[in-house]
Amino acid sequence: MSRKYKFHNPSAAYFISFVTVYWMDVFTRQEYFSVLVNSLEHCRKEKGMEIYAYCIMSSHIHLIFRAANENPSDIIRDFKGFTARKIIQTIQEHPQESRKEWRFVRF
């Protein structure tokens with residue numbers, strides 16, 4: 001199965017969902033939730049992501065967005081890559097994180 005999102009109309013609005021590996025409850029801690037929100041805010045301000053709605057749950061996010069520059073694949077690729085690396089780094093640096101020992105699989 002392809003992991004790349006396919007956007008057939010680059011100027012349209014899209015509903016997409018992301019889930020954490022193994023449905024881990026990552027966004028229950030404020031530090032990790034903040035990484036996600038800050039990443040969305042960066043994409044909105046700097047990459048032309050128009051966010052219409054989002055819902056963040058403990059292990060996944062739903063997002064309705066449009067790419068003002070008609071590059072939705074690029075925005076989502078950058079968003080997911082940066083956010084995943086930053087959350088993994090934040091988990092590993094968290095002094096009281098019980099999930100440090102989890103193996104993070106690279107896809």
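These numbers come from the heavy atoms of this one structure, side chains and all, not from hydrogens, waters or symmetry mates.
The aromatic rings of F79 and F18 sit tilted, their planes meeting at an angle between 30° and 60°.
Residue N69 comes nearest to K47 through the heavy atom pair ND2-O, 3.6 Å, listed as atom of the first residue, atom of the second, then distance. Considering every non-hydrogen atom in both H62 and S17, the closest pair reads ND1-OG, 2.6 Å. Minimum interatomic distance between L40 and I51 (heavy atoms only, all atoms of both residues): O-CD1, 3.8 Å. Contact detail for P10 and P72: the closest heavy-atom pair is O-CD, 3.7 Å.
The distance from atom CD1 of I64 to atom OH of Y54, rounded to the nearest 0.5 Å, is 13.0 Å. Atom SG in C43 sits 11.0 Å away from atom CG in D74 (nearest 0.5 Å). Between the CZ atom of R44 and the CD1 atom of I75 there is a distance of 12.5 Å, given to the nearest 0.5 Å. Taking CD1 of I87 as the start and OH of Y32 as the end, the distance is 9.5 Å to the nearest 0.5 Å. Atom-to-atom distance recorded for T90:OG1 and E31:CD is 8.5 Å, nearest 0.5 angstrom. Here the OG atom belonging to S39 is positioned 10.0 Å from the CZ atom belonging to R85, to the nearest 0.5 angstrom.
In the hydrophobic clustering of this structure, L63 does not group with M57; members are Ile, Leu, Val, Met, Phe, Trp, Tyr whose side-chain heavy atoms approach within less than 4.5 Å, directly or through other members. No single ILVMFWY cluster, assembled from side-chain heavy atoms under 4.5 Å apart, contains both F82 and I76. Under the 4.5 Å side-chain heavy-atom criterion for ILVMFWY residues, a single connected hydrophobic cluster contains both M49 and I16. In the hydrophobic clustering of ILVMFWY residues, with side-chain heavy atoms under 4.5 Å counting as a link, F33 and V19 come out apart.
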Criterion side chain to side chain contact (heavy atoms under 4.5 Å, CB included) on I91 and M24, from CA distance to verdict: CA-CA 12 Å; I91 287 171; M24 288 186 247; over 6 Å; no
Derivation and outcome, side chain to side chain contact (heavy atoms under 4.5 Å, CB included), residues V26 and L36: CA-CA 10 Å; V26 174; L36 182 61; over 6 Å; no
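Looking at Q92 and I88, their side chains come closer than 4.5 Å, going by heavy atoms from C-beta outward.
Remark: side-chain polar atoms of Y14 are not paired, donor with acceptor, to backbone N or O of A67 under 3.5 angstrom. Of the possible donor and acceptor atoms, one in the side chain of T20 sits under 3.5 Å from a partner among the backbone N and O of S59.
Surrounding OH of Y52 are more than 12 heavy atoms belonging to other residues, nucleotides or ligands, all under 6.0 Å away.
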